Amino acid sequence: MSKPKIAIYKMSSCAGCQLEILNFEPMLLDLLGAVDLSYFVMAKRENEEGPYDIGLVEGAITCGEEISRLKKARQQCRMLVAFGSCACYGGLPSIKNWTSEREIEERVYPQPHLLESTTAYGIDHYVTVDAYLKGCPASREELLEFVKGVLLGIKPYLRPHSVCVECKLHENVCLFTSQGKVCMGPVTTAGCGALCPANNKPCEGCRGPANDANTESLARTFDEYGLHRSDVVRLFRKFAGMTPEFSRGAEVL
Amino acid sequence: MSVPVMKVTEMKWPALSLLDKDGIAEFAENLAERYLVFGPVAKGSEYVFAPVGKGEVLELNYHTTILPPKKLLHQPFEVLFSFHEDGIQENIVEQPKQIIFGIHPCDVHAIQILDKAYSVEYEDPYYMNKRKNTLIIALNCSEPAETCFCQSLGTGPFLKDGYDLLLTDIGEAYLVEVGSEAGMELVEAVNLRPAARVALVEKQKVYENARRKFRKRLLTQGLHELLESNFRHPIWEKLKEECLACGSCTMVCPTCFCYNVVDKLDLSLKSGKRTREWDSCMLLEYAQVALGHNFRKDRDARVKQRIYHKLLYYEPQFGTLGCVGCGRCIKTCVKKIDITDVVSRIRGE
Amino acid sequence: MTTQTIHVDYLARVEGEGAIKIKVKDNEITDLELRIFEPPRFFQGFLVGRKYSEVPGIVSRICGICPASHQITAIQALEDALGVKVSRQTKDLRLLLALSQWIQSHTLHIYFLALPDFLGYESSISMARDHLPAVQRALKLKRLGNDLTALIGGREVHPVTPTIGGFTRVPRREELQVIGERLAEARADALETLDLVASLNFPAFERNCEHIALTEENAYAVNGGRIISNCGLNIPIWHYRNHIKERQVPHSHALHSYVEDRGSFLVGPLARVNLNWDKLNPRALKAVEGVRKMFPSFNPFHSIVARAVEVIHSIEVCLDLIERLDPQPEELDYTVQAGEGFAATEAPRGLLYHSYRLDEEGVVKAADIVTPTAHNVANMEEDLRAFAPGVLDLPLEEATLKCEMVIRNYDPCISCSVHFLRLEIERE
Amino acid sequence: MLNPFKPEKAVIREIIHETADTTTYTFSFSEANLQKGFRYHPGQFNMLTIFGIGEAPISISSNNNMDSGVFQHTVRRVGNVTNALAKMKVGDSVGIRGPYGTGWPLNVLEVKNLLLVAGGIGLAPLRPVIQEVMYRRQDFGQVELLYGARTPGELLYTREFEQWRQAGIIVRLTVDAVPEGVTWDGSVGVVTKLFDEMSSEPFDTLVFTCGPEIMMSFVVRGLVNRGFVPEQIYVSLERRMNCGVKKCGKCQIGPKFVCRDGPVFAYAELLTLPEEVLGGVAG
Ligand SMILES: Cc1cc2nc3c(=O)[nH]c(=O)nc-3n(C[C@H](O)[C@H](O)[C@H](O)COP(=O)(O)OP(=O)(O)OC[C@H]3O[C@@H](n4cnc5c(N)ncnc54)[C@H](O)[C@@H]3O)c2cc1C
Ligand code: SF4
Ligand code: SF4
Ligand code: SF4
């Protein structure tokens, strides 16, 4: 395959996922040898027109303008990728989904009628998605595996299982069973290297539900650990509260 | 020590010696001059096997480690070979001699099981290369932890064979027994204080004492029939609801040997590595084949596979039970799913 | 009668999405808009109802480029609310973390966002063809900043270790020393960076405006201090809201920050260098002597030089910190109580303000966050208003680029400006 | 130390397109000695590597008896390795290690009559059996093949059917569906439908079957209903495999390693396992 053309689209996001592309540093020039960053507004002034081979969409969809931009991106890109947890699940912006739009707006803006904002969704609520690169931010290694996969025409190996697997592979002290700190690791997708537990901090579920996530069972354990129902809801409605798995966890008690 | 494990008798190496407790660090340092020495050290509130002998504090009073010493032989991540345009480079290097210091009897038994798994028919050169260069300085358990049940399986608290040196805490000092030629050399090199044979009486006392402290047990009598006839026991449905399918129990098990293989290409797409890493039958993708068909889609099938493999299938495969009673899977399970408890519940206890 | 429109569809090489539209009629600006398409994400809205302990992790996601600044500021505001005192070690590590971000963010801005304009490239990617060593130097410096962030914070983007009371994990002295060696080596790169930016051709443009920054008695303020300005502002942080206000102006797309009774103001590296020059690290002061005469400066294009100065300063301060640090794990012990807290820090782009009100369970009742870009947005428009007439005679292409540069001087971080409003969208 | 995980280089000598998604590749090892020493039984498989992409267990679809200095694999495109292989050309090389597993019990048991039941790609490991029969036809009695595919276009080895028939092998075909515009005079329906017209009787007959697990579960059930006993039915199973040599653990069913104890099993043996195989029929 010749150099694939990559477009990077920004929706409602912090730009951290795109920044991870520039954070490739030592490899950045090699990467640029392998792909064309054809549309990357954060880094370039002259951005090429589509079509593109890969579209990386960063951010949640939170307004009508983004919906139309997303649909256009879908048409322009052979493969469309949800790049980061916001694009995969609605991410942190989706926290607001459980409060009335009006109330949220009024907390921030004096004249909320000037705004148009909708429920925050992941991009697959509106378009078909070819791949998901989970994480807040998305992982550089996984992005690299994905790009290599596209170059080779294969499906890359991205860990589908729980964070606990990687946590054990790195022999971290389990915060849950050794220190009694509740952790979302058992139901969250690995791929981050169990970063938070490795830093002595419970997993917050930023990568969304793992394969076969048994969130109801975990929620019941949270309950046994003395968490209030509202705490359990907060744990599940953070980065991926809109997914069926985490919804079940939030609602079981 | 050679592989497969050879049986050594006390008669061959009668030397009994004593190692003062405050001499342990010096002993380890001395060994570290010639070997890579791994022993239990503290990691937060837990213990892990890590390099010792160069200032790190050996914690011989540890209960159990997060990962079993298996990780030193069958590594969590391992490169099998690298490949490039003109060939394959096997990653089998000149292995430095290593010592696993302070390993408990259950973990020694587990290594003996792995020895079988990795040597039957097709020897695994990666495992065997390390194994052949590994000496075992075992430590008998005088204080079983809450989750231990090795006694039920005959894999502890004391070790009968499979060691190069065996330590027993007999109060003021460690009694050192020799189990192999290589062990003999280790002892001679550091010039230990000889022990009188009565020390063996002390050892016996420690043993009796330790035996009384077990709080968990797994009754093995009639276990095969029990499991075979309870494949559809209602408990599996309950465990399906409970289990998180997180995989922790298998990741920490000293006898689990499954792995997954992943090829990693360089960005040039011309060269790369074939790697393997521990895998787990508790994970959904484990039994999945092309086009998404999965032979163990349901969680209960996977829970059952783990427990049946440990308690039923190892025996025909390797001639021994697959569980050594180390208790790690119990300790690590967020849902407190306990293999001994599962068996007693099936027994209707 | 001629009508001319300068229209920048996408503000490239800024973080976030914005546009500029300037309408000129007979050499008079009739309409000037700095548009932000960035939809609001309502952080202050949804922080209400979350637990205090979640706040640092959440606010980090306001901005992917200066997440640690948001974390540190939020943590300090929460500590203020909860009455938590932290150790010298924690303060040192926080300073190290904040400065690691300055190094990373300033390098990103200098080489990737701003320099291509000055050297006549559309991006650093195309610049790399002719200036490979400079781009490689940039990548090296940026990686160094990133590695330091990751060492202290656990990860470059959205660090994980900073928490109320300290850190969940502290680096070992040996790890710090290894990176210390790299910092020492990076001095040369930082100096070359300064030489490079100081030699650029800056548009002759000055606009006298209020410059605001934190200041401290004996140090170049980063994570605290008093808020001062060249126009006489001198207040403790918790007085912030008595003096700095926001208004929604009909023609604008953002809440405009202003100093009560005065007007828009500038925060960021240029303001800091102007106001705190003497407090730069002594070794840094020596190293930047060559550009001494440029400051204080009211030419916003000089902010790239201010950034280069701050990179040199940051490296020296980090080296001093690493020299004395031997971090030990600390007990994080405090009781949750109701309260209100305030904090401000100097993020790479300037003054960042957070305040929270908590109930007795530690649940957030109100949150107030004003980011550097939100502080600056009114001033950006003012700059443009003053600058644009001077470029109207240039070919449209060039005038457009020059106007973009005015905005890029601020290194605006649009997604992090939670106060931005979106009014109207104009795309193809 | 011999390394069973190290693939040897093998070169693609010929590519035969069987169907839209299935292709037969003829390989030989680059090293002549390796090729010379490469001996295998019908029903055994190799691990096929595409470097950088991965490894897949693939049955050997040719027979040793021809001693042609080459061996064949028939591969259906379903995922990474198989797709990557599909992009290769004659002269390209792959990695091969094997042969692994037990084959069909052709040389182990006294075989007289043979009933072969195959579905889709499942004919690949049975083709060497057919070739074996043709090679020493006189050793066998009645040999019958029941073969089903989704459509006529998806039948494998069609060009060889005539040869097979000439060798006195009864070949009965069926397809699930006939697309418009295709002429088909065979039967329509699942492969078990052919049981109604088959010539084979339980007496002195061994059954070999390979195909999707769900198909095989109907096959064994149908045969048992027709008086066949589990001891005379052999199935070739598919499981996930990462090593082929009893190490990676993936392929275990009860105490059995499909890669080593199988992939060919007597159905009777599978019935002794606690874990259900063949779609729950065993339990
Ligand atoms: C003993 C045996 C013989 C086989 N013979 C043939 C044959 O002759 N022709 C043929 O076309 N296919 C055969 N298969 C099936 C073939 O192995 C799979 O189609 C192939 O592994 C798919 O790999 P992939 O990389 O293309 O697919 P992917 O879905 O991309 O596979 C990813 C990984 O999953 C594993 N995997 C996925 N599916 C299977 C599977 N079905 N079996 C084992 N591992 C799997 C492998 O580790 C593989 O690397 C056989 C399988 C077995 C077990
Ligand atoms: S710390 Fe969390 S992620 Fe790690 S093993 Fe424990 S529960 Fe799993
Ligand atoms: S550790 Fe417990 S919850 Fe996790 S997979 Fe094992 S049994 Fe299930
Ligand atoms: S099954 Fe559990 S108790 Fe038994 S050896 Fe494995 S980890 Fe230890």
Side-chain angles (χ1 to χ4, degrees), chain B residues 80-81 83-84 87-88 90 92 117-118 120-129 132 227-232 256-266 269-274 276 279 281 285-291 293-296 301 304-305 308-309 312-318, chain D residues 1-9 30 47 49-57 76-84 93 95 97 100 121 212-214 237-261 272-277 279 283:
Chain B
L80 296 180
F81 53 77
F83 48 84
H84 27 85
I88 292 178
E90 292 167 78
I92 302 178
Y118 279 107
V120 279
E121 301 191 67
Y122 300 90
E123 275 201 0
D124 183 307
Y126 302 91
Y127 178 91
M128 295 310 270
N129 186 26
K132 286 188 174 136
L227 292 175
E228 267 172 354
S229 56
N230 281 290
F231 204 75
R232 298 191 200 288
C256 277
F257 52 80
C258 291
Y259 63 78
N260 192 22
V261 175
V262 183
D263 278 15
K264 297 229 162 81
L265 269 181
D266 303 333
L269 305 184
K270 296 212 167 69
S271 53
K273 300 192 273 282
R274 177 161 292 171
R276 70 177 175 192
D279 203 342
C281 60
E285 70 272 17
Y286 178 90
Q288 184 167 317
V289 295
L291 305 176
H293 184 68
N294 197 320
F295 292 97
R296 280 189 213 104
K304 235 188 285 189
Q305 171 62 21
Y308 273 61
H309 193 211
L312 186 61
Y313 307 152
Y314 266 76
E315 187 100 53
Q317 288 177 337
F318 308 117
Chain D
M1 212 181 303
L2 211 72
N3 187 348
F5 303 122
K6 184 178 161 234
E8 298 295 343
K9 202 166 134 183
S30 300
M47 293 298 290
T49 283
I50 311 284
F51 290 104
I53 296 190
E55 223 177 10
R76 182 168 166 224
R77 267 191 296 122
V78 292
N80 284 350
V81 171
T82 47
N83 276 320
S93 49
R97 53 193 185 88
Y100 296 128
I121 186 75
E213 196 126 322
I214 180 82
L237 294 182
E238 182 190 11
R239 282 296 180 276
R240 178 99 184 257
M241 286 174 196
N242 281 129
C243 73
V245 291
K246 271 175 95 160
K247 297 289 173 281
C248 80
K250 299 282 173 64
C251 67
Q252 294 175 84
I253 308 175
K256 304 290 177 194
F257 286 86
V258 173
C259 70
R260 187 71 193 96
D261 304 316
T272 66
L273 302 177
E275 197 175 4
E276 52 273 70
V277 194

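Reminder, nothing fancy here: chain letters follow the sequence lines and each chain counts from 1. Predicted, not measured: the structure shown is a model, and the values here were computed from it.
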Under a 4.5 Å heavy-atom cutoff, which of [options] has the most pairs with chain D?
| options | result |
| --- | --- |
| B:K270, B:R296, B:E315 | B:R296 |
| B:K264, B:E228, B:R274 | B:R274 |
| B:L265, B:I88, B:D266 | B:I88 |

For [X] and [Y], work out which heavy atoms get closest and say how close.
| X | Y | answer |
| --- | --- | --- |
| B:F231 | D:P274 | CE2-O, 3.3 Å |
| B:D263 | D:G52 | OD2-N, 3.0 Å |
| B:P316 | D:P255 | CG-CB, 3.4 Å |
| D:G254 | B:Q317 | O-NE2, 4.0 Å |
| B:Y259 | D:N242 | O-OD1, 4.0 Å |
| D:R239 | B:V289 | C-CG1, 3.8 Å |

With a 4.5 Å heavy-atom cut-off, do [X] and [Y] have their side chains touching?
| X | Y | result |
| --- | --- | --- |
| B:Y122 | D:L2 | no |
| D:R240 | B:N260 | yes |
| D:E213 | B:F295 | yes |
| B:L291 | D:R76 | yes |
| B:Y127 | D:K247 | no |

Side chain to side chain contact (heavy atoms under 4.5 Å, CB included) assessment of D:Q252 paired with B:C258: CA-CA 10 Å; D:Q252 294 175 84; B:C258 291; 4.3 Å; yes
So what's closer than 4.5 Å to chain D heavy atoms on [X]: side chain, backbone, both or neither?
| X | result |
| --- | --- |
| B:L227 | neither |
| B:V120 | both |
| B:Y286 | both |
| B:Y314 | neither |
| B:Q305 | side chain |
| B:F257 | both |
| B:Y118 | both |

Region of D:R77 in contact with chain B, defined by heavy-atom distances below 4.5 Å: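 The answer is neither part of D:R77.
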Which portion of D:P212 sits near chain B, non-hydrogen atoms under 4.5 angstrom: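 For D:P212, there is no contact with chain B at all, as no heavy atom is under 4.5 Å.
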Best-contacting candidate, D:P7, D:C251, D:A56, D:G95, against chain B by heavy atom pairs under 4.5 angstrom: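 It is D:P7.
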Contact leader toward chain B among D:N80, D:V245, D:V78, where contacts are heavy-atom pairs under 4.5 Å: D:V245
Aromatic ring pairing D:F51/B:F83, orientation class (parallel under 30°, perpendicular over 60°, tilted between):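 Answer is tilted, since the angle falls between 30° and 60°.
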